[in-house]
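Working notes, structure below.
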Amino acid sequence: MTRKVLPGIAAVLLCVVTSAASAAAPTAASTADRASRAARQRQLIAVIEGDAPWLAKDQACRELKVIGSRASIPALAGLLGDEKLSHMARYALESMPYGEVDQAFIDALGRTSGEAKVGIINSLGFRRCAAAGPVLVKLLKARDTGVAVAATAALGRIATPPAVEALAKLRASGPAGMKAVVAEASLTAAQRLRQLGRADEAAAIYEDLRGAGWPRRIRMAAFVGLLRSRPDQAARRIIGALGGDDALLRAVAVAEVASLKGAAVGRRFAAELPKLPPPVQVLLIGALADRDDPAVRSAVLAMVESPSANVRLAAAKALGKIGDATCVAALCKMLASPASPQEKAAAAVGLRSMTAAGVDKALLAEMKNARPALRVELIAVLADRGAAGSVPELIEQARSDDPSVRAAAFKALGRLAGPGDLPEMLAALVAASAAGRTAEAELAVLRTARKVPETTAQADAVLAALKAAKGPAARSALLRVLGNIGGPKAYQAVVAALDDTSPEVRDAALRALADWPDARALPALLDLFGKTDETTHRVLVLRGCVRLLGAAHVKPAEVVKTYSRLLAAARRAEDKKLILAGLANVPRAAALDVVRPLLSDPAVGPEAGLAMVRIAQGLLPSDRRRARQAAAMLAEKAPASAVRDQAARLLAKIDKMDDYVTAWQFSGPYAPQRRGSAFTTVFPPEKRSAKAVQWRPLKTFKANQPWIMDLRASMDYDNRACYVRTWVHSDKQQPARLEFGTDDGHKVWLNGKLVASARHAGAAVAGQFKAGVTLREGWNLLMLKVTQDTGPWEFCLRIRRPDGGRLEGLRIQARPPSE
Amino acid sequence: MRERKTTGGVTRRDFLRAAASAVAAPYVLTSSALGAGGRAPASERIIMGAIGHGGRGRYDLGVFMWNKDVQVVAVCEVRSDRRAAAKAAVDRRYGNSDCKTYIDLREMLARPDIDAVLIATGDNWHSEAAILAARAGKDMYCEKPMSVTIAESREVAETMRRFGRIYQCGTQRRNIGNFVFAVHLARSGRLGRLRVVRAEKAWPQSGVYFTVLPPEQQPPREVMDWNQWLGPAPWRPYNHQYYARGFWSRHGDFSGGSITEWGSHTVDLCQWANDADATNPVHYEVINDKGDVKATYANGVELFIQKGLRFGSCPVRFEGDEGWVETGDSGRIECHPASLLAERKFRGGYPADDHVRQFLDCVKTRRQPVSNADVAHHSITACHCANIAVRLGRELRWDPLKEEFIGDEQANRLRSRAYRVPWRL
């Protein structure tokens, strides 16, 4: 859709806005570019100096902001006194890098007042125009408070010696009403002086502003500024503040500790730490941790033993940042102690976060000697730290008698172990199988096996272990692992195990097969479904079949046939329902034929009906006729009311689509050249010689209005054109009428002949445009160009008789008949 | 045994505790006057005002009010319907009718009892509101994007430093587990040497426009304060369509369009991943007709501001020479090698709870939050540079120290905009 602009001045605006794009001209401009820009500038200056309406002048200022040279300054300066355009003149001038701009602003001060004058002062301040200092100092005494305030603020930004001096006078004896503004400007000046390396002058201002007569927020800001201006004295000042009774000042002071430079600073504050009250210790510990200074580590470590829980908590967190191997024991102790959950969590996070060398080794030593509960936690910490060096010890722990330690060790191994560790892990798994639960061990082995780079070799170590394993529990565990790894070798082993003498092993093999990751298992599962009588196994096998049919790369026709076979072999209603659920996702007309006989089956009739509705929905894009047929039948004859309702809704949706064409290919988007129009530009699809145009199926339509094709959903662009095409087969030559709507403009060709064209803007309204055409006998190529300004990008089209009645007998397809 | 069914591992909150630079501290510095008013501490609550009550403002206000150490006492909004809705929400939360309403933020900021403010206005106001709040001695949680121009966010950062205020930009993904984890992978070297970072931009693809709408009958100030809504932006005749989000958020006078809309999050995360919180890319280049931008950092890492990443809104992707990670607001995350993810699982969504909490803690400890003004300034500057490259349609070189384009005067002019009186940087 296009947006509206001010009526009456649209032309002016169009001219100005369009040319605003010319601001995007290359910098390395050619002589022609420079000449073009100079010409444009002359036009814009003429607009400003002439009688053009406000908006045109406003837009000219906007453009001159980018392309204006010194030549534009007088014209723009002429607007500075204009109440309505003064701001836009500054908008253009303020960012120009010319000294003449400063002078133009200074000159304009003498002939302006009120908001215009304030704005000019603000611009001078923004530009830090030193030359304006004297005149701004005079304006400090202006009767207009707004002018005086602006001048004060500007002097703060300029921060030249006269400006700083003027502000000092104001601080000493300025009017009470200006106090806050003077203080703010002084802070600005001090900050500027510090940036310029004049720290002493800055410090003098900050010292001044720390006086009791200034607002508290100013004093606080001055205190921080002073610390930064005098870093050599900062530690002393901060320690002084720590001993005071101003809680906010303490917090502000401590926060600065993190940024103070020098190794001695850390030591100095570390020495202070034990002397402070707990609340301040908490703050200081946090700030010291931010310093990343080894000199403070031992002081913070000592705080882990503090009687204050808050201090202990802060210390544990801090050690996560600055701790090393020497801190591990203390944090392990905290983790093991019956402290608060917060402290335990802080210790765990601290142990996970420390990056110093030797931490893993220290943790490993602590883990080996810890009681089982702590050992479990430390194993998890090692895993989270990615401590690959701990794998040999973890394999030992995987053989532990304690099931929780065993499980934790296997879990960690799954993350840390490499393919070379597989034999030992498998041995541990076999050993663990004697003790019962092996889920963690199997998962760990699986994850490690998957790290083997050659996928065909991932099962090798497990197969070797299977060959050597004796007990059914171990063999079953290994089969489950193989089932997850997949591949031909694993498949053979699992299929062979279906005939094992042990029922436990046979069960494991069948379950592995039912969960097989690819379609390789499908034939064996189908075979099993026909042969197996045990209900649980039949259900497992059937689920496996349906899963693989849904996910595997099986040809659609084969999928329908396989479902048909399964239905024939199904004995229970639950089985049939499962099969119907799978069939519902097969958008093929043949699937309707397979399901339809079950409609009258009282046990599964409703499920069959719902499956048909779903299949019909899926058929909509490819076979609307068959989908409608099925929906109409179900809406009328389905025994279950829920099915009839759903079918009726689908039917209504299909009928809404009516005979609108939804089979399209598209090509695009196509962008016009700069300043060009997407509507008028002739893009390749319009050219007779365009052989290399790429066409793709258009599949996006509006969900609630399925007859409207949604181009934006396929191409998210503004100011573009797109072409769509379809083939229409007519049994004879006959007159017809194209009825269509487009958002935005369109051109329509039938068999290469332009039959309609409109530079339209707005929504795609069905039937808004009509074009009489003659369809020739055989295939007709219908092509539309739909242009996009901004917003939605859509179209809809149907082919009717010249009187508007339905035109029967047409066949429509998106692909060319030759393909 | 199915691997996909396993659970456990480090939770999102655990991870946040470990990886984010959150600074929660148990010590509560009593509030009521962190600089304003000079009163002795009277309670543990932070007294707050809320500025702006559109969709995001409503959400943020709710998050703040769920924190027990926050008491919202005032709301400021230029639209009467939203003003009333904001007051109703606050009063409902506290079971009274005490919340005061304001049209002009300066009146609210003049209240000495307010310690901090939530700024959730349109983008056009973010910088000026933050500067006014700092001058008034307030800390602030300010929604993203931080600014409409580079000069604005630079001035916000300077002002926060000048007045010692706490500023948290609403880039809350710095406190959301899946994003924090992805950044951690990049920064810790688990992906090898970082080569490419990718930041999704919001739809639509196009740049901003500067459309002027036809004038309409301007409502009374009490209903809609049009002049206040325009704020520092150029004056325009009233038209209600301006303040429809779908319009102003793509209008160059009020926003930076799709690149700042999501880039303020996604570019910000890329900056973080590249350990570039104190700098920006040095070269910008528009790489296709969709306005995608390739920017290159001084350390050679390439930043692509683009479309086409996966996993919901605001996705990012970091690629090293040994692995990659991609994640987005769905909470889904993919890594290569997959073992990097271990067993971590993350919730979807983009809640601001932890980000807000971190801000509140920082108000008390006076330490800088993770999305402080300096960090946010550098992130949004990268977005603005990309926008300027798109607007001018040419390659740009950028000096991050001087914060100026090298050899391109036109681009430099677009770093700032003159403010309309009475507003000033």
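Numbers restart at 1 for each chain; the letters A, B, ... are given by sequence-line order, proteins then strands.
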Report summary line: Ranking A:R194, A:R511, A:E440, A:Q195 by heavy-atom pairs under 4.5 Å to chain B gives rank one to A:Q195
Report summary line: Ranked by heavy-atom pairs below 4.5 Å to chain B, first place among A:V224, A:V118, A:N122 goes to A:N122
Report task. List the steps, then state whether side chain to side chain contact (heavy atoms under 4.5 Å, CB included) holds for A:D58 with B:R236. Result -> CA-CA 10 Å; A:D58 174 290; B:R236 293 283 169 263; 3.2 Å; yes
Requested in this report: Give the minimum heavy-atom separation between A:P97 and B:E409, together with the two atoms involved.
Outcome: CD-OE2, 3.4 Å
Query raised in the report: Can you tell which of B:R135, B:R190, B:R161, B:E155 has the highest number of heavy-atom pairs within less than 4.5 Å of chain A?
Result: B:R135
**Report entry** Nearest atoms (heavy-atom pairs only) where A:A251 meets B:K364
**Finding:** CB-O, 3.9 Å
Requested in this report: Could you have a look at B:N239, B:T159, B:D253 and say which one has the most heavy-atom pairs with chain A under 4.5 angstrom?
Outcome: B:D253
**Report entry** Which atoms of B:R415 approach chain A - backbone, side chain, both or neither, heavy atom under 4.5 Å
**Finding:** neither
Query raised in the report: Above 12 or not: heavy atoms from other molecules or residues under 6.0 Å from CZ of B:R187?
Result: yes
Query - For chain B, the option from A:V254, A:T188, A:V252 that forms the most heavy-atom pairs under 4.5 Å - result: A:T188
Query raised in the report: Where on B:A151 is there a heavy atom nearer than 4.5 Å to chain A: the side chain, the backbone, both, or neither?
Result: side chain
Query raised in the report: Counting heavy-atom pairs under 4.5 Å to chain A, which of B:D289, B:V421, B:L414 comes out on top?
Result: B:V421
Report task. Please flag which part of A:D246 lies under 4.5 Å from any non-hydrogen atom of chain B: side chain, backbone, both or neither. Result -> neither
Query raised in the report: Taking side chain as C-beta onward, heavy atoms only, is A:V66 less than 4.5 Å from B:R413?
Result: no
Report summary line: Of A:G119, A:A671, A:A348, A:G286, the largest count of non-hydrogen pairs under 4.5 angstrom with chain B goes to A:G286
Query - Beyond-backbone contact of A:R62 with B:F210, side-chain heavy atoms, under 4.5 angstrom - result: yes
Query - Top contributor to chain A contacts, counting heavy-atom pairs under 4.5 Å, from B:S416, B:S339, B:P422 - result: B:S416
Requested in this report: Could you go through the side chain to side chain contact (heavy atoms under 4.5 Å, CB included) check for B:R366 and A:L248 one step at a time?
Outcome: CA-CA 9 Å; B:R366 310 313 294 170; A:L248 173 61; 4.1 Å; yes
Requested in this report: Using the salt bridge (Lys or Arg N to Asp or Glu O under 4.0 Å) rule, take A:R157 and B:E158 through it: C-alpha gap first, then chi angles, then the decisive distance, then the call.
Outcome: CA-CA 12 Å; A:R157 284 186 63 87; B:E158 296 285 345; over 6 Å; no
Query raised in the report: At their closest point, which heavy atom of B:F163 faces which heavy atom of A:L187, and how far apart are they?
Result: CE2-CD1, 3.6 Å
Requested in this report: Give the C-alpha distance, both sets of side-chain angles, the deciding distance and a yes or no for side chain to side chain contact (heavy atoms under 4.5 Å, CB included) between A:Q59 and B:V212.
Outcome: CA-CA 10 Å; A:Q59 296 291 304; B:V212 177; 3.7 Å; yes
Report task. With a 4.5 angstrom heavy-atom cut-off, could you sort out which part of A:R720 is near chain B: side chain, backbone, both or neither? Result -> side chain
**Report entry** Worked verdict on A:D384 versus B:R344 for side chain to side chain contact (heavy atoms under 4.5 Å, CB included)
**Finding:** CA-CA 10 Å; A:D384 284 345; B:R344 292 179 180 83; 4.3 Å; yes
